[in-house]
Amino acid sequence: MISGTTALLGAADGGFILQKEKRTSNNATLEVSGRDQPDQKLHLVRNTETLLWELERVETELWKEPPEPLLEKVAAFITADNAEWCGSPTELVVVLGIDMKANALSMKLNINAGRLFNEYGISYENKRCHDGRKVRLHLEQA
């Protein structure tokens with residue numbers, strides 16, 4: 001719908017196209033396309049009382065990350081009753097009861113620290129101290 005050869009969208013990172021079925025129709029589609037967001041097609045209906053567009057259905061759903069079993073184990077361990085834990089990665093492997101090496105656990109938690117906080121409200125710190133590595137897990141949202 002937007003021609004790239006005429007430079008209308010040449011410098012933009014994305015675009016939204018709202019297109020009504022007919023000029024007088026209250027039905028429309030919003031197509032979202034861009035570099036930083038997944039392509040989507042949203043079907044909208046215009047509410048005649050509020051004059052706002054309301055979402056009727058989504059043709060293409062957003063991609064969701066599959067569940068991560070390690071994060072679910074950590075979330076089951078760190079609860080409102082047990083809001084904080086501190087120890088070595090080796091101790092964490094034992095406490096969680098998982099079959100994983102301590103360095104692999106640390107690497108996986110380092111990669112998924114943001115997801116652990118966003119989905120479960122648990123902050124993760126991994127620090128080196130004089131007696132080895134220390135992991136701290138803390139429930140921020142109670």
*Asks:* At what distance, to the nearest 0.5 angstrom, does OG1 of Thr29 lie from CD of Glu59?
*Replies:*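 With rounding to 0.5 Å, OG1 (Thr29) is 8.5 Å from CD (Glu59).
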*Asks:* I'd like to know if Met100 and Leu116 are part of one continuous hydrophobic network [Ile/Leu/Val/Met/Phe/Trp/Tyr, side-chain heavy atoms within less than 4.5 Å].
*Replies:*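 Linked, Leu116 and Met100 end up in one cluster.
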*Asks:* Determine whether Leu30 and Trp53 satisfy the following criterion, side-chain contact (heavy atoms from CB on, under 4.5 Å), listing intermediate values before the conclusion.
*Replies:* CA-CA 10 Å; Leu30 178 66; Trp53 290 103; over 6 Å; no
*Asks:* What closest approach, in Å, do Gln40 and Val58 show between heavy atoms, and which atom pair accounts for it?
*Replies:*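 Answer, listing the atom of Gln40 first, then Val58: OE1-CG1, 4.3 Å.
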*Asks:* Out of curiosity, Lys41 NZ to Arg57 CZ, how far, rounded to the nearest 0.5 Å?
*Replies:* 8.5 Å
*Asks:* Could you report the tightest heavy-atom contact between Glu72 and Pro67, atom names first, then the distance?
*Replies:*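 Heavy-atom minimum between the residues: OE2-CB, 3.2 Å.
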*Asks:* Take Tyr120 and Val74, measure what side-chain contact (heavy atoms from CB on, under 4.5 Å) needs, and give me the verdict at the end.
*Replies:* CA-CA 9 Å; Tyr120 301 101; Val74 170; over 6 Å; no
*Asks:* Supply the atom-to-atom distance Met107 CE to Asn112 CG, rounded to the nearest 0.5 angstrom.
*Replies:* 11.0 Å
*Asks:* Assigning hydrophobic clusters by single linkage (Ile, Leu, Val, Met, Phe, Trp, Tyr; side-chain heavy-atom cutoff under 4.5 Å), is Leu18 placed with Leu55?
*Replies:* yes
*Asks:* In terms of hydrophobic clusters joined by side-chain contacts under 4.5 Å, are Leu71 and Val95 together?
*Replies:* yes
*Asks:* Please report, to 0.1 Å, the donor-acceptor pairs under 3.5 Å made by any side chain of residues 122-129, with sequence neighbours excluded.
*Replies:*
unit_1 : atom_1 : unit_2 : atom_2 : d
Ser123 : OG     : His138 : O      : 3.3
Ser123 : OG     : Glu140 : OE2    : 3.0
Tyr124 : OH     : Asn110 : OD1    : 3.1
Tyr124 : OH     : Asn126 : ND2    : 3.1
Glu125 : OE1    : Lys127 : NZ     : 3.4
Glu125 : OE2    : Arg136 : NH1    : 3.1

*Asks:* Can you check whether Leu92 reaches Leu105 side chain to side chain, under 4.5 Å on heavy atoms?
*Replies:*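 A side-chain contact exists here, since the closest heavy-atom pair is under 4.5 Å.
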*Asks:* Give a yes or no on whether a salt bridge exists between Glu68 and Arg115, defined as a side-chain N under 4.0 angstrom from a carboxylate O.
*Replies:* no
*Asks:* Looking at every non-hydrogen atom in both residues, tell me the closest pair between Glu84 and Ile78 and how far apart they are.
*Replies:*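 Smallest heavy-atom distance, with atoms named: C-CD1, 4.5 Å.
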*Asks:* Can you list everything that forms a salt bridge (Lys or Arg N to Asp or Glu O under 4.0 Å) with Glu91? Sequence neighbours excluded, please.
*Replies:* none
*Asks:* Would a hydrophobic clustering, with Ile, Leu, Val, Met, Phe, Trp and Tyr connected at side-chain separations under 4.5 Å, put Leu139 with Trp85?
*Replies:*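 Yes: a chain of side-chain contacts under 4.5 Å links Leu139 to Trp85.
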*Asks:* Can you check whether Val32 reaches Ile17 side chain to side chain, under 4.5 Å on heavy atoms?
*Replies:*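 The answer is no; the side chains never approach within 4.5 Å.
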*Asks:* Work out which heavy atom in Gly34 is nearest to a heavy atom in Asp39; give both atom names and the distance.
*Replies:* N-OD1, 3.6 Å
*Asks:* Starting from Leu52, walk the hydrophobic network (Ile, Leu, Val, Met, Phe, Trp, Tyr; side-chain heavy atoms closer than 4.5 Å) and list everyone else you reach, by chain and number.
*Replies:* none
*Asks:* Can you hop from Ile111 to Leu70 via hydrophobic side chains spaced under 4.5 Å?
*Replies:* no
*Asks:* Answer yes or no: does atom NZ of Lys20 have more than 12 heavy-atom neighbours from other residues, nucleotides or ligands under 6.0 Å?
*Replies:* yes
*Asks:* Which heavy atom in Val93 sits nearest to a heavy atom in Ala102, and how many Å separate them?
*Replies:* CG2-CA, 4.0 Å
